[in-house]
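Worth knowing before you read on, the calculation uses all heavy atoms, side chains too, and leaves out hydrogens, waters and symmetry mates. Every chain is numbered from 1 and lettered A, B, ... according to where its sequence line falls, protein lines coming before strand lines.
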Amino acid sequence: MGDSQYSFSLTTFSPSGKLVQIEHALQAVGSGQTSLGIKAANGVVVATEKKLPSILVDETSVQKIQLMTPNIGVVYSGMGPDSRVLVRKSRKQAQQYFRLYKEPIPITQLVRETAAVMQEFTQSGGVRPFGVSLLIAGYDDNGPQLYQVDPSGSYFSWKASAMGKNVSNAKTFLEKRYTEDMELEDAIHTAILTLKEGFEGQISGKNIEIGIIGADRKFRVLSSSEIDDYLAEVE
Amino acid sequence: MSRGTGAGYDRHITIFSPEGRLYQVEYAFKAVKAAGVTSIGVRGKDSVCVVTQKKVPDKLLDQTSVTHLFPITKYLGLLATGMTADARSLVSQARNEAAEFRFKWGYEMPVDVLSKWIADKAQVYTQHAYMRPLGVASMVLGIDEEKGPQLFKCDPAGHFFGHKATSAGLKEQEAINFLEKKMKNDPAFSYDETVQAAISALQSVLQEDFKATEIEVGVVTEKDPVFRVLSTEEIDEHLTAISERD
């Protein structure tokens, strides 16, 4: 990829052994809107702030939480346009796997391939790292799973995680509230409460997005009225 | 090459700065404003209207060749604000893409699909060092079969959103403030109201009254979903209606 004039990596080691472009990419993620994910005993929930630049923006045209396959969803913090590239590549990889094996791709495999793409862009010539961290949530034969992938291409499985502007407060909150035997409904309430903690302004179904997947293995994004119902329960 | 903390190249090509910003993309936004032109788009109940200033810098220029409003297909229009040369390149590629889409899939390319394509292309330029971002903000308009009138705006960073009303260019922020007030209660503008809202927004923000030859207006309506550029006479009618209303 890239023109031959740029067939050298732009991400190079500093004298102290750091890859500064990746550090800067993490800064870009850290200034993005907060998002989080919680793995429950019987499902996974991901949630994100959806703050739009103006009330003139038609919020129905924007959906931050995307599906990679019918049973795997993803949310990002950081640069939206970069996340679209990763979603597109991952969807194709999932489909190629299905064509070959006639089986839905296991979540670990999809995460690994997505992470490999992100790593490529930290080493290939003439490109910069992705300015996003992804939370990939799904339910397959190994049960509910939640993975976080960083701009460096490293990934870990999480019981609960957060990213973006309010990451430290959100993680502290999650550490206190998380229990191993949480049910999906509890997880949704906890996710909303965590988002509410750092939320500037009036939280509503129109300025947050929530995606859930349960034992039915169908990832779906909640409608704004469903979110409003949950918000009322949480009050 | 780039070593240590922010060793200068982060301003020349699209790599990250120490704060995690992309300076080249931010400069591309400035280039959109540097063209000195403001554009406005408004979505009504059953129509969409875009308006832009028509600045002809030299009297010897053929005015009909100075345009920022481009039909991409019969049904899709694109208003490009910013660097004209970049705009023409983008329009040329968009026309090709829309035609291929129609051929491949058998139906017209919808507004949001074209906007996504433009935005994804813009994103590539923000990630690959060998191409600079385009200095163009594009407003795409059309009538969607299922969703009705649609107005999308794509920027050099690769963002794209659907809008009820929006603006781009020199007085972008002032125009958005003006439009936010106007569209606050989700008014469902008729065709005439939509066109007049767009034109009067531009007049108010630039604080001058236009002649019909000083602006370009493009519309699509549900009744006639073809993208049309209004003639000078039609623009005059609207201008008259606005001044009579005030």
Side-chain angles (χ1 to χ4, degrees), chain A residues 1-16 18-32 50 52-64 78-88 118 120-122 124-132 151, chain B residues 1-7 9-10 13-22 25 41-43 111-112 115-116 119-131 147 150-167 173 175-177 179-184 186:
Chain A
M1 102 194 56
D3 220 4
S4 58
Q5 279 217 304
Y6 272 100
S7 42
F8 53 86
S9 179
L10 299 174
T11 308
T12 50
F13 286 108
S14 70
S16 56
K18 288 199 274 188
L19 290 168
V20 258
Q21 275 296 299
I22 297 180
E23 313 253 323
H24 300 340
L26 285 162
Q27 282 278 60
V29 172
S31 24
K50 187 165 103 171
L52 296 167
S54 156
I55 56 161
L56 295 172
V57 174
D58 182 356
E59 72 275 353
T60 60
S61 76
V62 180
Q63 196 180 292
K64 285 178 76 172
M79 303 168 68
D82 285 8
S83 78
R84 290 204 304 268
V85 175
L86 290 167
V87 168
R88 170 177 273 140
M118 292 173 84
E120 251 183 73
F121 277 70
T122 68
S124 295
V127 291
R128 62 161 174 82
F130 285 96
V132 285
Chain B
M1 251 287 85
S2 202
R3 211 173 284 126
T5 46
Y9 284 97
D10 51 358
I13 52 174
T14 44
I15 57 175
F16 284 113
S17 76
E19 309 91 44
R21 291 156 63 181
L22 294 172
V25 175
V42 177
R43 184 183 81 185
V111 188
D112 57 336
S115 312
K116 186 159 194 239
D120 285 345
K121 226 176 181 358
Q123 190 280 339
V124 171
Y125 301 147
T126 73
Q127 197 166 25
H128 292 251
Y130 66 103
M131 293 278 267
K147 301 181 207 153
Q150 297 278 292
L151 172 67
F152 277 79
K153 186 171 84 168
C154 318
D155 62 26
H159 289 116
F160 79 105
F161 296 117
H163 289 264
K164 303 168 195 170
T166 189
S167 164
Q173 197 46 55
I176 290 192
N177 295 342
L179 290 165
E180 277 182 0
K181 288 195 211 112
K182 235 190 179 173
M183 311 282 289
K184 206 156 54 158
D186 268 327

In terms of heavy-atom proximity below 4.5 Å to chain A, should [X] be classed as side chain, backbone, both, or neither?
{"X": "B:Asp112", "value": "neither"}
{"X": "B:Glu19", "value": "backbone"}
{"X": "B:Ala165", "value": "both"}
{"X": "B:Leu22", "value": "side chain"}

Quiz prompt | Top contributor to chain B contacts, counting heavy-atom pairs under 4.5 Å, from A:Val29, A:Val62, A:Val85, A:Val57 | solution = A:Val57
Quiz prompt | chain B contacts, top residue of A:Leu56, A:Thr60, A:Asp58 (heavy-atom pairs, under 4.5 Å) | solution = A:Leu56
Quiz prompt | Flag side-chain contact, heavy atom, 4.5 Å: A:Phe13 against A:Thr11 | solution = no
Quiz item: Hey, are the side chains of A:Pro151 and A:Leu26 touching, using non-hydrogen atoms and a 4.5 Å cut-off?
Solution: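 In contact.
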Quiz item: Angle class for the B:His159/B:Phe161 ring planes (parallel below 30°, perpendicular above 60°, tilted otherwise)?
Solution: parallel
Practice problem: Would you please classify the geometry between the A:Phe121 ring and the A:Phe130 ring as parallel, tilted or perpendicular, with 30° and 60° separating the classes? | Solution: tilted
Quiz item: So what's closer than 4.5 Å to chain B heavy atoms on A:Leu52: side chain, backbone, both or neither?
Solution: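 A:Leu52 touches chain B through side-chain heavy atoms alone.
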Exercise. State whether the side chain of A:Arg88 and the backbone N or O of B:Asp120 hold a donor-acceptor pair below 3.5 Å, judged by distance alone.
Key: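 Pair absent, no side-chain N/O of A:Arg88 close to backbone of B:Asp120.
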Quiz item: Just checking, any donor-acceptor pair under 3.5 angstrom between side chains of B:Thr126 and A:Arg128?
Solution: yes
